[in-house]
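Only a predicted model underlies this, so the values are computations on that prediction, with no experimental measurement involved.
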Amino acid sequence: MTAHLNYGVSRRGLGSMLAGGIAASALARSLPAFATSADDGLLRSRPEDQGVDPAAIQAFLDDLADAKLELHSFMLSRGGKVVSEGWWRPYSAPRPHMMHSLTKSVTACAVGLALAEKRFAMTDKVISFFPEHLPPVVSGNLAAMTVRDLLTMRTGHAIETSGAEWRPLKTSWVAEFFKIPVVYKPNTHFQYTSAATYMLSAIITKTTGMRLRDYLEPRLFQPLGITDVYWDLGPDNINPGANGLSWRTADIQKLCMLHAQGGRWNGRQVLPADWVAAATRREDGDADYGFQWWIGPGDAYYCLGLFCQVGLVFPHHDAVLSFTAAIDGSRLILPYVWKHFPSAFAAGPIPRKDAAYLGLRERIGRLNLLAPIIPTTSPLESKISGRCFEVAPNEDGVKALGFSFADGRCLFTQEDERGTHTIQVGLRDWVEGTTTMTGAKLHHEYEPDSMPVVAGAEWIESDLLKMTWQFVESAFRDTVICRFDDDTLTFDRSVNVNSAELFRPTLHAKLAARG
């Protein structure tokens with residue numbers, strides 16, 4: 001696994017060239033100032049050429065590091081060109097990342113396109129699309145709710161419905177929506193809720209005959225060169241709309257750059273310009289919200305997902321900043337964004353600052369999320385390897401645990417109500433693989449059929465094994481503490497971020513007799 005570096009010069013190579021006497025200014029001149037990435041189709045540029053001081057970018061990164069905020073990636077563009085980007089290993093540019101509620105702003109694009117195609121109107125009543133799912137009694141407030149009310153989060157609901165509440169449900173989510181009390185008259189009360197965006201997706205499917213993802217494929221994804229899109233399906237065979245989307249950091253960047261350019265991409269009007277303008281301005285009222293976009297200070301606006309999957313647009317400066325992260329709340333990171341941006345953007349190109357530019361590149365080259373593993377062993381390995389620990393009854397339905405040690409690795413096995421799951425864990429270095437490991441209650445109720453995971457372990461004591469599982473297409477990192485005492489095991493699992501609990505109840509297990 002290697003870091004994604006901006007312009008193809010490794011940290012070791014850079015250090016060797018400087019040590020060999022090549023001046024910073026000469027080296028900077030030898031690097032390309034402008035390039036095209038065949039991987040994502042975006043153009044690159046020196047930051048100074050687009051009026052951005054590289055020292056300002058580094059100051060932003062330093063502030064985030066000092067605040068101990070966990071980023072997984074970032075991209076900054078100006079004038080339609082990427083001027084800086086980085087990924088914290090083991091995250092990388094090609095990996096998709098779970099977007100959570102940033103998905104809502106993608107769904108908004110579909111609504112704008114469907115309105116332009118006259119599939120439905122902003123004033124259409126929500127109940128008119130789904131007569132088969134209406135409750136026996138339709139309240140006056142529910143009857144009055146329109147498409148526009150869904151867009152602006154002014155449905156009249158008094159409480160938020162999170163995606164985590166609906167994901168475990170196997171019944172119709174449309175029917176669930178109509179069960180939510182409409183306490184307020186629609187368009188009079190702002191209440192952020194994923195239920196509203198789900199209904200927008202359902203309306204698009206009902207009026208077009210296509211799932212949201214399929215509807216957007218030729219209209220948005222293909223024109224922008226977005227090729228690796230995964231979107232969950234709910235029990236109605238409908239993409240959730242509010243969440244469930246996974247794509248790359250570059251795709252966040254493209255979505256935001258498209259809006260910064262008034263809906264145009266490579267000379268083509270992909271989104272209606274009037275829709276972009278309407279969606280990204282504050283609606284009447286006290287909420288900093290447009291049509292599924294958040295409104296920031298000045299003329300900035302942004303798409304936002306749980307644990308800080310973010311794309312920020314500074315339209316006056318033709319600039320976009322995107323990042324993925326594992327941060328418990330945008331309140332923790334946005335103050336740093338507003339501190340550094342848009343003040344970092346000059347009115348035009350600035351003189352090149354080679355030392356600052358190379359310093360930023362070196363800083364990006366050493367971005368790393370996981371510390372190196374210190375190789376450790378324990379005499380217990382030979383005793384427990386290949387044997388089964390039978391787990392006492394527990395609310396997670398875990399039945400058995402197993403550890404098989406060989407060649408500096410441990411194959412961990414868990415048997416539960418969903419089946420048997422394995423994770424290959426490195427005891428000398430990090431190991432990447434895939435797993436079906438249950439994670440729902442610690443992972444905002446997400447439970448994909450298979451997940452990439454980078455895993456490592458250390459014997460903290462001779463009887464205490466600590467495993468770390470980094471699920472590298474999401475924000476989640478699980479820490480597992482296994483304490484062995486004669487023939488018994490206690491097993492504790494926690495996660496770095498979650499919308500609910502961070503710890504699962506301790507599992508108690510006993511070593512089964514040899515067969």
* Asked: Of the non-hydrogen atoms in K353 and R46, which two are nearest, and what is the gap between them?
  -> N-NH2, 4.1 Å

* To do: May I ask you to check whether W430 and Q470 show a side-chain donor-acceptor distance below 3.5 Å?
  => no

* Might you confirm whether atom CG of D66 has over 12 heavy atoms from other residues, nucleotides or ligands at distances under 6.0 Å? => yes

* According to the interplanar angle, ranging from 0 to 90°, do the rings of H443 and F476 count as parallel (below 30°), tilted (30 to 60°) or perpendicular (above 60°)? -> parallel

* Distance-only donor-acceptor check, side chains T506 and D492, under 3.5 Å -> yes

* **Geometric class of the F221/W231 ring pair [parallel <30°, tilted 30-60°, perpendicular >60°]** => tilted

* To do: Measure the spacing between CD of E176 and CG of D236 and express it to the nearest 0.5 Å.
  => 10.0 Å

* Is the Lys NZ or Arg CZ of R167 less than 6.0 Å from the centre of Y446's six-membered ring, within 45° of the axis? -> yes

* Asked: Does the separation of the ring centres of W88 and F323 fall below 6.0 angstrom?
  -> no

* Minimum-distance pair of heavy atoms, taken over all atoms of L370 and P90 -> CD1-CD, 3.7 Å

* To do: Please test R352 against D49 for side chain to side chain contact (heavy atoms under 4.5 Å, CB included), starting from the C-alpha separation and ending with a verdict.
  => CA-CA 8 Å; R352 291 193 169 186; D49 295 348; 2.7 Å; yes

* Can the ring centroids of F484 and F491 be said to lie less than 6.0 angstrom from one another? -> no

* Would you confirm whether the ring centroid of Y301 sits within less than 6.0 angstrom of the ring centroid of W294? => no

* Could you please spell out the steps behind the salt bridge (charged side-chain N to carboxylate O under 4.0 Å, His left out) verdict for E85 and R44? => CA-CA 10 Å; E85 58 195 304; R44 267 66 180 177; 2.8 Å; yes

* **N243 side chain vs T103 backbone, donor-acceptor pair below 3.5 Å** => no

* Structure fact -> Correct closest heavy-atom pair for S330 and L304 would be OG-CD2, 3.7 Å

* What's the verdict on salt bridge (charged side-chain N to carboxylate O under 4.0 Å, His left out) for D487 and K383, showing C-alpha distance, side-chain angles and the deciding distance? -> CA-CA 10 Å; D487 290 344; K383 175 183 177 181; 3.3 Å; yes

* Give the minimum heavy-atom separation between C256 and V313, together with the two atoms involved. => CB-CG2, 3.5 Å

* Asked: Can you tell me how far the CG atom of N498 sits from the CZ atom of F503, to the nearest 0.5 Å?
  -> 11.0 Å

* **Donor-acceptor pair between H100 and H444 side chains, under 3.5 angstrom** => no

* To do: Determine, stepwise, if the pair D478 / V453 fulfils side chain to side chain contact (heavy atoms under 4.5 Å, CB included).
  => CA-CA 10 Å; D478 290 5; V453 61; over 6 Å; no

* Asked: Going by atom types only, do T436 and H421 share a side-chain donor-acceptor pair under 3.5 Å?
  -> yes

* Spacing of CG belonging to L224 relative to CD1 belonging to I226, to within rounding of 0.5 Å -> 4.5 Å

* Structure fact -> Between the OG atom in S404 and the CG atom in L411, the distance rounded to the nearest 0.5 Å is 5.5 Å

* To do: Rounded to the nearest 0.5 Å, what's the gap from CD on Q58 to CG on D53? Could you check?
  => 10.5 Å

* Establish, from distance only, whether the side-chain atoms of Q253 and S77 form a donor-acceptor pair under 3.5 Å. => yes

* Asked: How about T324 and S73: does a side-chain donor come under 3.5 Å of a side-chain acceptor?
  -> yes

* Asked: Yes or no on side chain to side chain contact (heavy atoms under 4.5 Å, CB included) for R248 and H97, after CA distance, side-chain angles and deciding distance?
  -> CA-CA 6 Å; R248 300 180 300 174; H97 198 288; over 6 Å; no

* Asked: Taking atom types as modelled, is there a side-chain donor on S45 or Q50 under 3.5 Å from an acceptor on the other?
  -> yes

* Given the rule in the side chain to side chain contact (heavy atoms under 4.5 Å, CB included) test, do L233 and I238 qualify, once you have shown the distances and angles that lead to the verdict? -> CA-CA 5 Å; L233 278 175; I238 293 170; 5.7 Å; no

* **Note: E395-R504 ion pair, threshold 4.0 Å (strictly below)** => yes

* Asked: So, S322 side chain and T249 main chain: donor-acceptor pair closer than 3.5 Å or not?
  -> no

* Asked: Will you find, in the side chains of D416 and Q414, an N or O donor that is under 3.5 Å from an N or O acceptor?
  -> yes

* Asked: Quick one: NZ on K466 to OG1 on T376, what's the gap to the nearest 0.5 Å?
  -> 11.5 Å

* Structure fact -> Looking only at heavy atoms, the pair that brings A326 and V497 closest together is O-CG1, 3.7 Å

* To do: Could you please spell out the steps behind the side-chain hydrogen bond (donor to acceptor under 3.5 Å, both in side chains) verdict for T438 and R418?
  => CA-CA 8 Å; T438 301; R418 289 179 63 238; 3.1 Å; yes

* Might you work through the salt bridge (charged side-chain N to carboxylate O under 4.0 Å, His left out) test for R95 and E432, ending with a clear yes or no? => CA-CA 13 Å; R95 292 193 194 275; E432 178 165 355; 2.8 Å; yes

* Contact summary for S474 and H72, nearest pair of heavy atoms -> O-CE1, 3.8 Å

* Side chain to side chain, S450 and T435, heavy atoms closer than 4.5 Å -> no

* Asked: Among W469, F405, F389, whose ring pair (Phe, Tyr, Trp, His ring centres under 6.0 Å) with F412 holds?
  -> W469

* To do: Examine F314 together with F345 and report whether their ring centres are nearer than 6.0 Å.
  => yes

* For the residue pair D228 and Y230, confirm or rule out a side-chain donor-acceptor distance under 3.5 Å. => no

* **K441/E445 salt bridge by N-O under 4.0 Å criterion** => no

* Could you tell me whether D62 and R363 have a side-chain N and a carboxylate O separated by less than 4.0 Å? => yes

* Is there a side-chain hydrogen bond (donor to acceptor under 3.5 Å, both in side chains) between T107 and Y198 once you walk through the steps? -> CA-CA 9 Å; T107 298; Y198 176 77; over 6 Å; no

* **Sidechain-backbone polar pair: R78 side chain, H317 backbone, donor-acceptor under 3.5 Å** => yes

